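Accompanying notes for the structure given below.
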Amino acid sequence: MAQDQRRPFGVIQKIPRIQEDIMQERYDFQAIEPQWQQQWQDEHIYRVTEDPAKPKYYCLEMFPYPSGNLHMGHVRNYSIGDVVARFKTMQGFNVLHPMGWDAFGLPAENAAIKHGVPPADWTKSNIANMRTQLKTMGLSYDWDREVATCTPEYYKWTQWLFLQFYNAGLAYKKKANVNWCPSCATVLANEQVVEGACERCDSTVEKKALEQWFFRITDYAQRLIDDLEKLPGWPDKVKTMQENWIGRSEGVEMDFPLPSPIGGFDKLTVYTTRQDTIYGVTYLVLAPEHPLVEHLLQNNPKEAEIRAFIKKVLGQSEILRTATDTEKEGIFTGHYCQNPVTGEPVAIWLANYVLAEYGTGAVMGVPTHDQRDFEFAQKYALPLKVVIQPVGVPDLVADDMDHAYEDEGVLVNSDRFNGMNNNDALAAIAAYVEETGKGVRKVNFRLRDWLISRQRYWGAPIPIVYCDKCGEVAVPDQDLPVILPNDVEFKPNGESPLKSRPDFVHTTCPKCGGPAQRETDTMDTFVCSSWYYLRYTAPYSDKDAFERSAVDYWMNVDQYIGGVEHAILHLLYSRFFTKVLHDLNLVAVDEPFANLLTQGMVLLGGSKMSKSKGNTVSPEEIIAKYGADTARLFILFAAPPERDLEWSDRGVEGAHRFLNRVWRLVQAYYPGEEASTAGAEASTETGNEASDGKSRISLQQIASLLITNPDVASLNSDDRELVRMAHVTVKRVTEDIGQRFNFNTAVSAIMELVNALYLYKDKVAPKAQNLSLIKDALARLILVLAPFAPHISEELWQAIGGSGSVHQQSWPSYDPAALVQDQVPVVVQINGKVREKLQLPNGLDGEALQAAAMDNQRVQELIQGKTIVKVITVPNKLVNIVVR
RNA sequence: GCGAGUGUGAUGGAAUAGGUAGACAUAGCAGACUUAAAAUCUGCCGGUCGUAAGGCUGUGCCGGUUCGAGUCCGGCCACUCGCACCA
């Protein structure tokens, strides 16, 4: 190909061929794809600005971590997003479709340790590489809005947002028992611990008592649950996962008085959701970490034994201790407290199954009505007391029970509440303990505050300074960003590498000017990715994190697309961020993502493609071999988006074959140079002469590409069918993309149109072919194919003489009148079994349908001698004759 | 254990409000073109009985509702994912 391949939009082009001897059988994607990518970029056709005159549409795909290489999951994610963005653009929306990089994080630092490359350089070259790869896919991004979270221009605002949280009391430091990953040498948020292991490296997570920064996400727990109702466009699965994660429960905190104060405690407070069983309490259990435990050990004859037990429990890993099948173990402290409603003495135990972090770290034991308590009581021969009797079955007898009774029933042995249904008793007893000052109603959440500090280098520094005089001081806005120094020695030893840089650590106090030390921990990368969708609305702004007018114009994200693995982490954090920013009056919306599509994984050989399993297919190779259009088309065609997709090389070839088939079809009607001349000569006399039996007809003299209101009534049946297929296809593709997100069926609809066009081309005599209709059908075909296969569509659009870029055309409409068939297939069933198929005029009423069915000879034979019980008719569908 | 999802030809999948099960594609088989192959084009393609017309059967299993069930209801089974001693 010649160097300058720029071609003005809107001038009829010759279709280039790969080689004369292969003729027109395959199209030259290797030439076409880069050429159009360049031209789209040069002419800025994907650049957008706020335009109040147009309805806006914000289409966003989760931005990638710049690992250096695109994988098939990315290809799938971004192909889906690109179809949506292009489709919405063609439908007349002002579409924001940006891309960027989630660029902070551990891999860069680990690479630096391994290869001695600074994380900034490593990340930068990875981004450059991945950007190039992404561009070969032909995606409609406005690259002017690209952001990378690791640039000072970006993390300045991450730090600024941290300070907004800080000033609002939503960021705080506390000493806590936190999750520690020994391999990553840093702490982790609860959300990053999967079954007791680090979600990144799978190492067993340890507990460490450390002074750490947290975001007060628990303040938003209730709203994060309630507002899930505002998200009808989210999959229920994701909403359920978030709801479970937040884990709301309603109960009562109840005080069990101690007979005499111990170490300043005069009572033990337990949390329960089963206050209806309070009369059945036979013991009480503390977590070994409970603050009273140390005092209970004073002058305790069993001290050594109890300490040994505590040591054993604390030595158990998080997984082991919290696993359901771990055996419950405990030890009696020798102390008692008092049941607040009965005054009975209650033995105080310690046990491994009570969690210090949840509720009050103390629970009441009701073995008869809680299975865990039952198992514990059995093991240590603790007393059982039945307080709920089931209705309609024999009464429970404590000594005969082999498991706890946890269902509904009527209260017994419960003083004034006897005879009450236990569900009613929940409210009644809660009210009673509140009135009598024995307890308070309490809502608890499983969700913990978000631990955001990390003892690693490659992240946004937390903008806090510690002054000997003034204590903890926020870095003032004008001093932001706190720049991450470049040349740092990495020794993962559990402390931030920034600690080893005296010039970073030592600073002056912004308040008093005295000597001070900087915070050396950096922020969790999930902080950076919790607001990037806001930054895209005005990524150039150096005055604010985001421009209010831009953010109000674009937000919220109309369609968000990404993997389900972020169902809790990123999606929950982003919702939290948006709510906080809404409350701080920085954004108008209080939910970031109106609609969410969670795409399935790309599998090979039944399991997820991954480097470690060695079952990957490289997008680069596929694009080099078949082109981006083929890769995109295959991945969209092979499965509906939310389902897992099994990679198939054969399937890719099929997609490629289809594109060639489209290419040849258009070429048959819009031939290249030599053929075109021949066609023009041949057509001078009749206008639509075929020169050699194949359809060598030039359509170029027909004025308009699209026929707006086809006069179907005047057409013959072949022509009508052609028009119908063209319009049906537009309808199906419009609905499949716009309403159902079923790209696979949209593609199959397009394939059916192509098949129909071939049928017409090969079956209708060349002289009888209706050129205007063909021209119209080809134009519609190219327009609906454009979102899926943007390069070939652009090339063909130019070839048929379309004006401007195909991607700036209006989405084609369909004429409902053109969809109507005058003959429709109707099946005749007898007793629900299909016995005959008829072609009948469209729109016959029930009577006429029945008459037509009865008139059929075969039907008559089949019902001969039988009694017709009734006849059911469905217009244009079926007749069911019920006989006996 | 709890919650959610999935289950349809050899394979990926389709059937959008209960109405022709298997669209579209992949693989396979047969044929045309070719010296041959590739590419392309055409036809066939759930199982089973039948020369055929056609019959029977068939959407994980069992049962139900209905003129009619892949679709709705009840009960199971398998797999996948999430949560998992949260009191």
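Please read all numbers here as calculations on a predicted model, not as lab measurements. Throughout, a chain's letter reflects where its sequence line sits, starting with A, and its residues are numbered from 1.
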Practice task
Give A:Arg858 one of three labels, base, sugar-phosphate or nothing, depending on what nucleic acid heavy atoms sit under 4.0 Å from its own.
Solution key: sugar-phosphate

Completion exercise
Ranking B:A87, B:A25, B:G19 by distance to the side chain of A:Thr272, first place goes to B:A87

Completion exercise
Rounded to whole Å, CD of A:Gln192 lies from P of B:C83 at a distance of 13 Å

Handout entry: B:A36 - base-pair partner by Watson-Crick or wobble geometry, distances under 3.5 Å
Key = none

Problem - Partner nucleotide of B:A30 by Watson-Crick or wobble geometry (both distances under 3.5 Å) - result: B:U42

Practice task
Looking at every strand, decide which applies to A:Glu752 at a 4.0 Å heavy-atom threshold: base, sugar-phosphate, or nothing.
Solution key: sugar-phosphate

Problem - Selection from B:A87, B:A4, B:A21 that lies nearest to any side-chain heavy atom of A:Val834 - result: B:A21

Problem - Length of the line joining A:Lys239:NZ and B:A4:P, which is rounded to integer Å - result: 14 Å

Handout entry: B:G3: pairing nucleotide in any strand, Watson-Crick or G-U under 3.5 angstrom
Key = B:C81

Practice task
Write down the distance separating the C1' atoms in B:A14 and B:G22, rounded off to the nearest Å.
Solution key: 7 Å

Practice task
Would you mind classifying the nucleic acid contact of A:Arg835 as base, sugar-phosphate or nothing, using non-hydrogen atoms under 4.0 angstrom?
Solution key: sugar-phosphate

Exercise for the section: Based on the glycosidic angle (syn within 90° of 0, else anti), state the conformation of B:G9. Expected result: syn

Exercise for the section: Using a 4.0 Å heavy-atom cut-off across all strands, classify A:Thr273 as base, sugar-phosphate, or nothing. Expected result: sugar-phosphate

Handout entry: B:A69 and B:G18, which share atom name P, separated by this distance in whole Å
Key = 14 Å

Practice task
On RNA chain B, check which nucleotide each of A:Gly361 and A:Arg657 is closest to and give me the residue with the more 5' one.
Solution key: A:Arg657

Problem - From B:U40, B:G13, B:U20, nucleotide with atom closest to A:Arg664 side chain - result: B:U40

Handout entry: Nearest listed nucleotide, side chain of A:Arg650, among B:A27, B:G19, B:C24
Key = B:A27

Review item, side-chain donor-acceptor pairs of residues 737-744 of chain A, under 3.5 Å, at least two apart:
from     : atom 1 : to       : atom 2 : distance (Å)
A:Arg740 : NE     : A:Asp736 : OD1    : 3.3
A:Arg740 : NH2    : A:Asp736 : OD1    : 3.4
A:Arg740 : NH2    : A:Thr745 : OG1    : 3.4

Exercise for the section: Please work out if A:Val354 contacts a base, only the sugar-phosphate, or nothing of the nucleic acid, heavy-atom cut-off 4.0 Å. Expected result: base

Practice task
Can you tell me, in whole Å, how much space there is between the P of B:G47 and that of B:U42?
Solution key: 24 Å

Practice task
Mind calculating the distance between CE (A:Met364) and C1' (B:C85) to the nearest angstrom?
Solution key: 16 Å

Handout entry: A:Glu329 and A:Lys312 ion-paired at < 4.0 Å
Key = yes

Exercise for the section: Would you tell me if any nitrogen or oxygen in the side chain of A:Arg732 comes within less than 4.0 Å of OP1 or OP2 on B:C24? Expected result: no

Practice task
Side chain of A:Arg740 only, please: which of B:G13, B:U16, B:A87 is the nearest?
Solution key: B:U16

Handout entry: OP1 or OP2 of B:A87 under 4.0 Å from side-chain N/O of A:Ser249
Key = yes

Exercise for the section: Kindly say whether, by distance alone, the side chain of A:Asn244 makes a donor-acceptor pair under 3.5 Å with the base of B:C83? Expected result: no

Practice task
Would you mind telling me which of B:G13, B:A87, B:C24 lies closest to the side-chain atoms of A:Phe637?
Solution key: B:C24

Exercise for the section: Assign each of A:Ala749 and A:Lys833 to its nearest nucleotide of RNA chain B by heavy atoms, then name whichever residue's nucleotide is nearer the 5' end. Expected result: A:Ala749

Completion exercise
From CG of A:Asn831 across to P of B:A69 the rounded distance in Å is 12 Å

Handout entry: Over-ring placement of A:Arg661 relative to A:Tyr758, 6.0 Å and 45° cut-offs
Key = yes

Exercise for the section: Kindly point out which of B:G82, B:U20, B:G19 is positioned nearest to the side chain of A:Met241? Expected result: B:G82

Practice task
Report the distance from atom CD of A:Glu406 to atom P of B:G1, rounded to the nearest whole Å.
Solution key: 14 Å

Problem - B:U11: pairing nucleotide in any strand, Watson-Crick or G-U under 3.5 angstrom - result: B:A25

Fill in the blank from the handout: So CG of A:Asp845 and CD of A:Gln850: to nearest 0.5 Å the spacing works out to 10.5 Å

Handout entry: B:G58 and B:C49, which share atom name C1', separated by this distance in whole Å
Key = 15 Å

Completion exercise
Mate of B:C72 across any strand shown (Watson-Crick or G-U wobble, both atom pairs under 3.5 Å) is B:G64

Fill in the blank from the handout: With the side chain defined as heavy atoms from C-beta on, A:Asn352 is closest, among B:C85, B:A87, B:G54, to B:C85

Completion exercise
A:Arg441 atom CZ is separated from B:A87 atom P, nearest whole Å, by 17 Å

Exercise for the section: Assign B:A4 to syn or anti; the rule is syn for a glycosidic angle within 90° of 0 and anti otherwise. Expected result: anti

Practice task
Using a 4.0 Å heavy-atom cut-off across all strands, classify A:Lys837 as base, sugar-phosphate, or nothing.
Solution key: base

Practice task
Work out which heavy atom in A:Ala404 is nearest to a heavy atom in A:His369; give both atom names and the distance.
Solution key: CB-C, 3.9 Å

Practice task
Name the nucleic acid region contacted by A:Asn444, choosing base, sugar-phosphate or nothing; use a 4.0 angstrom heavy-atom cut-off, strictly under.
Solution key: nothing

Exercise for the section: May I ask you to say what A:Pro825 touches in the nucleic acid, namely base, sugar-phosphate or nothing, with a heavy-atom cut-off under 4.0 Å? Expected result: base

Exercise for the section: Could you check whether A:Gly247 gets within reach of a base, just the sugar-phosphate, or nothing at all, counting any heavy atom under 4.0 Å? Expected result: nothing

Handout entry: Centroid-centroid distance, A:Tyr283 to A:Phe376, less than 6.0 Å
Key = yes

Exercise for the section: Please work out if A:Glu653 contacts a base, only the sugar-phosphate, or nothing of the nucleic acid, heavy-atom cut-off 4.0 Å. Expected result: nothing

Exercise for the section: Verify the contact: side-chain N or O of A:Asn744 to OP1 or OP2 of B:A14, cut-off strictly under 4.0 Å; return yes or no. Expected result: yes

Practice task
Pick base, sugar-phosphate or nothing for A:Asp373, based on heavy-atom distances below 4.0 Å to the nucleic acid.
Solution key: nothing

Exercise for the section: Please state whether the base of B:C85 and the side chain of A:Lys328 form at least one donor-acceptor pair under 3.5 Å? Expected result: yes

Exercise for the section: Pick the P atom in B:G9 and in B:U48, then give their distance to the nearest Å. Expected result: 15 Å

Handout entry: Charged N-O contact under 4.0 Å between A:Glu327 and A:Lys379
Key = yes

Handout entry: Lys/Arg N to Asp/Glu carboxylate O, A:Lys442 vs A:Glu250, below 4.0 Å
Key = no

Exercise for the section: Write down the distance separating the C1' atoms in B:A52 and B:G64, rounded off to the nearest Å. Expected result: 40 Å

Problem - Selected nucleotide, minimal atom distance to A:Val882 side chain, candidates B:A14, B:C67, B:C24 - result: B:C67

Practice task
From the options B:U26, B:C85, B:G55, select the nucleotide whose nearest atom is closest to the side chain of A:Tyr353.
Solution key: B:C85

Exercise for the section: Determine, using ring centers only, whether A:Phe29 and A:His656 are less than 6.0 Å apart. Expected result: yes

Handout entry: Whole-Å C1' distance, B:G60 and B:U66
Key = 23 Å

Exercise for the section: Check the distance between B:A87's P and A:Glu250's CD and give it to me in whole angstrom. Expected result: 11 Å

Practice task
Return no unless some side-chain N or O of A:Lys870 is found under 4.0 Å from OP1 or OP2 of B:C67.
Solution key: yes

Handout entry: Rounded C1' spacing from B:C61 to B:C83 in Å
Key = 29 Å

Handout entry: A:Arg446 charged N/C atom sitting above A:Trp245 aromatic ring, 6.0 Å / 45°
Key = yes

